[in-house]
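Note that the structure is a prediction, hence the values are computed from the model and not measured.
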Amino acid sequence: FRHTLTYGFGDIAGRAAAVVLLPIYARLLTDAENGQIAIGFAVVGLCAVFYSLGLNQALIKFLSGAGAGDTDRSRKRFSSVFWSLACIASVVSAGAYLFSEPLAGWVLGGPDDSDIIIMLGAIVLLDTLSEPMFSLCRAQQRSTRFAATRLIQHTLQISLIVYLIAVEGWGVRAVFVSNIVSSGFALLAMSPVALSLLRPTFSATLLRELLTFGIPFVPSAVSLLVISLSDRLLIEHFLGLKTLGVYSITFKIALPMLVIVRAFRSAWAPGLLSVSDPEQTRHMCARVTTYFVGSASFLVLIAVAFNRELVVLVAGEKSATYLPGAGIIPIVTLGHFLHGFYVILTAGVFVEGRSRVLPLVVFAGAFVNVCLNWFFIPRVGFFAAAWSTVAANGVMVLLLYVNTRRFYPVPFEFARMAKAIVAAIVVSFALNVDDPTFEGTLAKALILLAYPIILSGWNFIEPGEWSSLRHYLRPQDASNSAGG
């Protein structure tokens with residue numbers, strides 16, 4: 001359980017870094033430059049999933065515990081994967097270098113930014129070389145090294161970006177240079193992990209074995225990335241880099257909800273699998289869902305109430321540029337809320353080992369997302385992209401619920417969840433206060449207090465639950481239960 005939480009820290013730290021850097025991006029970069037950041041890393045993310053071929057997941061499977069086998073076979077497996085990915089990434093990066101000008105014209109809007117394409121190619125190469133080492137670290141359960149490296153990597157990245165933009169005035173290029181430096185650090189820091197297994201050897205037979213396991217992960221990973229990134233690509237295509245920059249900044253203001261969901265996801269599966277009683281697991285899933293709906297609904301209400309204030313806080317003097325996108329903050333937060341619901345519903349998949357249901361569910365969400373984005377972004381603007389995220393996650397929640405209830409029925413507390421949802425809807429209508437003054441902000445803060453008051457009046461938390469919560473959260477009780 002501890003190792004799982006630690007490995008989830010890398011993703012959480014990366015999301016947290018994006019939140020920390022928001023004021024720098026919004027205040028010191030132009031909307032077009034923020035658009036370049038969004039589209040650049042969207043392309044990198046999509047490419048990385050395609051050419052990694054699920055091999056990093058396969059390494060974790062075949063180099064963990066009993067799957068590791070003898071040392072010689074492990075060396076051949078790791079070396080075959082590392083050299084294969086190194087060759088693919090080298091070809092991709094070389095292509096980015098050789099065709100940087102036409103790629104810059106196609107992706108970034110002009111050949112003058114060809115150096116950014118070259119830097120993106122360098123980031124792809126460095127990250128591709130380090131990822132097998134991080135996977136090996138996970139397989140060997142060296143979680144402390146994993147967490148320390150990720151923490152230093154993101155700290156170095158944030159520090160360099162702030163310095164190069166705020167002090168040296170490098171503009172958008174500071175972001176890509178800092179990513180190269182931090183990715184280079186990660187590669188050097190993780191190299192000692194690979195020294196015991198990396199050899200100048202290659203086994204086509206073992207690589208096929210790894211690909212057989214890894215390739216089925218690719219469609220799901222691509223579908224999830226499509227849901228996350230298709231909006232950026234299509235906004236840039238239909239509306240241009242400046243509009244994408246506005247969307248990107250306001251979208252990221254809703255990231256705290258996603259950070260919470262990702263942190264929860266890291267602990268959810270191992271937490272469920274640690275409970276031996278199936279009936280207890282189902283009731284725990286139902287109760288956690290109820291608490292999640294109640295608390296996450298309040299976070300959505302905060303986004304509804306203070307979306308304008310959050311933009312002003314983040315963007316400062318440039319807030320006028322980004323205020324047109326303030327309305328997407330509660331919509332995106334709602335999308336992350338539904339994604340959290342989706343994560344909870346994966347309980348049945350993990351407990352019963354029915355992972356084959358997930359690719360179809362995720363693909364359906366991606367299909368809905370792309371169709372809505374393609375049709376509505378040119379007509380409605382980037383608000384369509386925010387709503388398509390909600391729709392995609394909603395479709396995934398619905399399909400996963402319908403599928404899992406057949407083999408893992410959970411006694412969800414629909415009546416209690418309805419109380420939270422109805423209370424949130426009532427309060428959200430009351431929050432429709434169009435007053436940008438301090439008095440208006442104070443009024444919305446007071447209206448927000450109505451949500452917990454309504455839930456308290458409706459007995460959302462039932463008598464005796466507070467004492468039960470305190471009981472389960474006490475460390476000594478948890479340890480005694482584990483010992484028993």
Side-chain angles (χ1 to χ4, degrees), residues 18 22 25-26 31-32 34-43 45-46 106-109 222-255 257-258 261 299-301 303-304 306-308 310-311 314-315 319-342 361-399 425 428-429 431-432 434:
L22 263 180
Y25 290 170
D31 47 1
N34 279 303
Q36 288 179 326
I37 294 170
I39 196 69
F41 286 111
V43 171
L46 284 172
W106 178 55
V107 176
L108 301 175
V222 171
S223 297
L224 284 173
L225 269 178
V226 164
I227 295 173
S228 301
L229 302 177
S230 71
D231 52 356
R232 276 80 160 175
L233 298 172
L234 292 174
I235 288 173
E236 190 276 336
H237 176 71
F238 288 118
L239 307 177
L241 279 174
K242 289 186 177 182
T243 304
L244 174 59
V246 174
Y247 176 82
S248 176
I249 290 294
T250 49
F251 187 97
K252 289 175 182 176
I253 293 176
L255 277 181
M257 172 69 99
L258 185 58
V261 170
L299 294 177
V300 174
L301 286 175
V304 171
F306 302 119
N307 57 82
R308 185 186 184 281
L310 288 169
V311 171
V314 167
S319 58
T321 302
Y322 299 102
L323 279 174
I328 75 164
I329 297 173
I331 302 172
V332 174
T333 305
L334 177 61
H336 296 330
F337 167 85
L338 290 172
H339 183 68
F341 212 118
Y342 167 82
V361 170
V362 177
F363 177 79
F367 180 78
V368 168
N369 180 266
V370 171
C371 289
L372 291 177
N373 280 335
W374 187 271
F375 183 80
F376 285 107
I377 285 177
R379 296 164 176 80
V380 182
F382 55 60
F383 275 82
W387 280 113
S388 74
T389 303
V390 173
N393 283 291
V395 167
M396 289 164 58
V397 166
L398 179 61
L399 292 179
I425 292 173
S428 68
F429 280 116
L431 285 170
N432 189 23
D434 188 16

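With sequence neighbours excluded, no residue forms a side chain to side chain donor-acceptor pair (under 3.5 Å) with T389. Under the rule for a side chain to side chain donor-acceptor pair (under 3.5 Å), the partners of N34 that lie at least two apart in sequence or sit in another chain are Y322. Residues that satisfy the side-chain contact (heavy atoms from CB on, under 4.5 Å) test with W106, not counting sequence neighbours, are L103. Not counting sequence neighbours, the partners of Q36 by the side chain to side chain donor-acceptor pair (under 3.5 Å) test are D113. The side chain to side chain donor-acceptor pair (under 3.5 Å) test applied to S230 returns N369, N373, not counting sequence neighbours.
Here the closest non-hydrogen pair linking A366 and S223 is CB-O, 3.5 Å. Pairing each heavy atom of G325 with each of V246, the nearest pair is N-CG1, 4.1 Å. The two residues E236 and I39 make their nearest non-hydrogen contact at CB-CD1, 3.9 Å. In this structure, N307 and A326 approach most closely via the heavy-atom pair CB-O, 3.3 Å. Of all the heavy atoms in V362 and I227, the pair that sits closest is O-CD1, 4.1 Å. The two atoms that bring V368 and A391 nearest to each other are CG1-CB, 4.2 Å, heavy atoms only.
Annotation: the span from L239 atom CG to F382 atom CZ amounts to 8.5 Å, rounded to 0.5 Å. Distance CG/D31 to OH/Y25: 15.5 Å, rounded to 0.5 Å. In this structure, L241 CG and S248 OG are separated by 11.0 Å, a value rounded to the nearest 0.5 Å. Residue I249 holds its CD1 atom at 7.5 Å from CD1 of I37, rounded to the nearest 0.5 Å. Here the CG atom belonging to L258 is positioned 7.5 Å from the CZ atom belonging to F251, to the nearest 0.5 angstrom.
Counting only distance, with no hydrogens or angles, the side chain of S319 and the backbone of A315 share no donor-acceptor pair below 3.5 Å. Checking side-chain atoms of S388 against main-chain N and O of A385 turns up a donor-acceptor pair under 3.5 Å.
The environment of CZ in F363 is sparse: at most 12 heavy-atom neighbours from other residues, nucleotides or ligands sit within 6.0 Å.
Residues K242 and T321 are not in side-chain contact: their nearest non-hydrogen atoms beyond the backbone lie 4.5 Å or more apart. Residues W374 and F238 are in side-chain contact: their nearest non-hydrogen atoms beyond the backbone lie under 4.5 Å apart. Using a 4.5 Å cut-off on side-chain heavy atoms (C-beta onward), V314 and K252 make no contact.
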Please set out all donor-acceptor pairs under 3.5 angstrom arising from side-chain atoms of residues 332-342, sequence neighbours excluded.
| residue | atom | partner | partner atom | Å |
| --- | --- | --- | --- | --- |
| T333 | OG1 | I329 | O | 2.7 |
| H339 | ND1 | N393 | OD1 | 3.4 |

